[in-house]
Amino acid sequence: MRELTDLEKNRRNKVDQLRESGIEPYPARCDRTHTSAQAIAAFERAVAVETVPATVAGRIRSIRLMGKVIFAHLEDGDGQIQILLKLDLLGQNILDQFKNFYDLGDFIQAGGVLFRTRSGEITLQVEKITMLAKAITPLPASKETVENGERVVHSAFDNPEARYRQRYADLAVNPEVRNIFRTRARIISAIRDFLDGMGFLEVETPILQAIYGGAAAKPFVTHHHQLHQDLYLRISFELYLKRLLVGGIERVYEIGRDFRNEGVSYKHNPEFTQLEFYMAYADYRTIMEIAETMISSVAETVTGSRQITFRGHPVDLTPPWPRLTLREAIRRESGIDIDDYPTAELLAAAMLEKGLAPKAEKHRGKLIENLLSHFVEPNIIQPTFLMDYPRDISPLAKSKTDDLRTVERFEGFVAGMELCNAFSELNDPQDQEQRFLEMSRSFSEEEEDRHPTDEDYLNAMRYGMPPNGGFGLGVDRLTMLLTNQPTIREVILYPHLRLKEEES
RNA sequence: GGCCCACUAGCUCAAUCGGUAGAGCAGCUGACUCUUAAUCAGUUGGUUGAGGGUUCGAGUCCCCCGUGGGUCACCA
């Protein structure tokens, strides 16, 4: 247990003193009649005909002692409202009690009547004031003022580590952080509305999986004690969702958490929120149209526009998005035409000339992915679909009929990030079995990267799976885009942080 | 995992060449009946992320560790 600071000890003593004088500093009930916004609206509606009584509740965010009068601002979920305590109305005892026992950060309740101050601010003239929850630890100091219509924050609590570790304090003092998460919730609602409107069924599939699959990632491993069985946290929903197509559900989606045991970065968190949907009788071209329609309409619902600004760049999400083959995009950005280098060795040599240092043991598809992430991805600011990917990095996608080395797959890029990934799903059980075999062969040297073959998935597919298109979207990245945040940590409430060494 | 940067009061930040650790806000005491970063006067508060070293003397230089940020690598 951490020792309290002097400031905290001081406040804790106030709790004791309040109790000694018969006041409970943490009462179970309050009787708020208005939020701050409701109170202000009620006063504006009343047009000074009558007095408007109201009881508001919230956190004390500022106090201005003026001798025989005290101004303060309360903050609640709707915003802030000013309160005024006057000596002639409340008496010396109440005023002294406020001065001695009420601090910034305390939750209080204030009842009285609304009026407008000389400077024009709608304010509650307090008749009764009650402590609702005494704060022991002072909030990280921050003061704000409005200058020329701009909100200026002084001494803002902005150390990223402290903010992420103590997100509660971050949210309490930084309203713009609260807004990010409101927007995030609206994004997810908008996605649901969109898909529900198309007749998709939302489902939940296992997070604990005996056999993981559906993506290229290392899993987290856990263990079921009673069953004596290792389990993996899912790295994707894909294989479970597509089984549902076999079961006759034609349109299905899931929004949930994936877990990938890999490096963290400004666009990677070990757990992240993914949307996947699968649609029978659709192929990747149909999915592409749905993707651009969905993302742009979510943007419009949430931000009011299909044109947004991301880190200073105007980004226009209005469909249709440009479509470009992966081969063409790489050729434009790097000068390498991958079709000129049919083997991994030749391609690696060409990449070496361009200043890349590809690992010799990589296979060709991985090298192409390298080219994509190095030359192409950072340069795509406007939304763009890259299509037609190498078969050997797309084991669940259907090959193009005229080119067996290439599959019907696309990824959507915006603002230098991969946002979504989709393909015409492979539904030929023999082909799928073959792909699984190829995968386990080509990675047999690196135990760590090997993925187990999901026999049951093949069983399902042998019952017959309708042709379908599938789609995956990084919800956190979409949120970054629509809230203009430079790192994924800003759009995840509790991003992964290393355990901090405790001092004993 | 590599490299670079940061870590100083509750918060945000200073501290010259290695020479007494400082400011604003918060806190505390007082003045003030329309303030809103209120104002004014006074005042408390520090194991400079941890540990070790060099030195007469270390926030500052060296070593090591921790955490965070950035970047590169990794990510069938």
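None of the values given here were measured: they were computed from a predicted structure. Just so we're on the same page: letters track the sequence lines, and every chain starts at 1.
For the C1' atoms, the distance linking B:C13 with B:A50 amounts to 23 Å, nearest Å. If you take atom P in B:U43 and the same atom in B:U47, they sit 22 Å apart, rounded to whole Å. Taking the P atom of each, B:G27 and B:G69 are spaced 31 Å apart, rounded to whole Å. When the P atom is used for both B:A14 and B:C74, the distance is 36 Å, rounded to whole Å. B:U48 and B:U8 have their P atoms separated by 11 Å, given to the nearest Å.
Using a 4.0 Å heavy-atom cutoff across all strands shown, A:Ala215 reaches at least one base atom of the nucleic acid. Among the protein residues, A:Asp88 comes within range of the nucleic acid bases, having at least one heavy atom under 4.0 Å from a base atom. Residue A:Leu139 is out of contact with every strand shown, counting any heavy-atom pair closer than 4.0 Å. Within the 4.0 angstrom heavy-atom criterion, base atoms lie near A:Phe115.
For A:Leu7, the side-chain atoms get nearest to B:G27 when compared with the rest of B:U12, B:C74, B:G27. Out of B:A73, B:U36, B:A76, the shortest distance to the side chain of A:Glu369 is found at B:A76. Here B:U35 is the nucleotide among B:U35, B:C74, B:C32 with the atom lying nearest to any side-chain atom of A:Ser119. For A:Phe71, counting side-chain heavy atoms from C-beta on, the closest listed nucleotide (B:C32, B:U35, B:C74) is B:U35. Set against B:A76, B:G68, B:U12, the side chain of A:Asn159 has B:U12 as its closest nucleotide. When each of B:U67, B:A76, B:C28 is scored by its nearest atom to the side-chain atoms of A:Ala216, the top-ranked nucleotide is B:A76. For A:Asn10, the side-chain atoms get nearest to B:C28 when compared with the rest of B:U33, B:C28, B:A73. Closest contact between the side chain of A:His268 and the listed nucleotides B:C75, B:C11, B:A38 involves B:C75. Distances were taken from every side-chain heavy atom of A:Arg118 (C-beta onward) to each of B:C34, B:U12, B:C74; the shortest belongs to B:C34.
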Shorter than 3.5 Å, N or O on both sides, protein versus nucleotides 40-45 of chain B: list them out with atom names.
none

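One interatomic measurement links the two molecules: CZ of A:Phe157 to P of B:C13, which rounds to 11 Å at whole-angstrom precision. Between the CG atom of A:Leu84 and the P atom of B:A38 there is a distance of 15 Å, given to the nearest Å. Rounded to an integer number of Å, the gap from CZ of A:Arg364 to C1' of B:A76 is 16 Å.
Geometric assessment of A:Arg243 against the ring of A:Tyr240 yields a positive cation-pi assignment under the 6.0 Å and 45° thresholds.
Using a 90° window around 0 for the glycosidic torsion, B:C61 falls outside it and is classed as anti.
For the pair A:Thr123 and A:Asp103, both in contact range of RNA chain B, the more 5′-proximal nearest nucleotide belongs to A:Asp103. A residue-by-residue look at A:Thr117 and A:Glu262 shows that A:Thr117 has its nearest nucleotide of RNA chain B further toward the 5' end.
A close approach under 4.0 Å does occur between a side-chain nitrogen or oxygen of A:Arg489 and OP1 or OP2 of B:G69. Within the structure, a side-chain polar atom (N or O) of A:Arg498 is placed less than 4.0 Å from OP1 or OP2 of B:G68. Put simply, A:Arg165 has a side-chain N or O that comes within less than 4.0 Å of OP1 or OP2 on B:G68. Within the structure, every side-chain polar atom (N or O) of A:Lys99 is placed at least 4.0 Å from both OP1 and OP2 of B:C32. Contact annotation: A:Arg64 side-chain N/O to B:U35 OP1/OP2 distance is not under 4.0 Å.
The pair A:Asp170-A:Arg167 counts as a salt bridge, with a side-chain nitrogen and a carboxylate oxygen less than 4.0 angstrom apart. Taking the charged nitrogens against the carboxylate oxygens, A:Arg435 and A:Asp431 do have a contact shorter than 4.0 Å, which makes a salt bridge. At a threshold of 4.0 Å, the pair A:Glu75-A:Arg61 counts as salt-bridged, since one of the basic side-chain nitrogens sits closer than that to a carboxylate oxygen.
If you check the side chains of A:Arg409 and A:Ser394, you find a donor sitting under 3.5 Å from an acceptor. No side-chain donor from either of A:Gln38 and A:Asp78 sits under 3.5 Å from a side-chain acceptor of the other.
Atoms OH and CD, on A:Tyr278 and A:Glu254 in that order, are 10.0 Å from each other to the nearest 0.5 Å.
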message: If a pair means Watson-Crick or G-U wobble with both distances below 3.5 Å, what does RNA chain B look like in dot-bracket form, with | marking bases paired to a different strand?
response: (((((((..((((.....[..)))).(((((.......))))).....(.(((..]....))).))))))))....
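When all heavy atoms of A:Leu386 and A:Ala329 are compared, the closest pair comes out as CD2-CB, 3.7 Å.
For B:U35, the base has no donor-acceptor partner in the side chain of A:Glu121 [N/O atoms by modelled type, under 3.5 angstrom].
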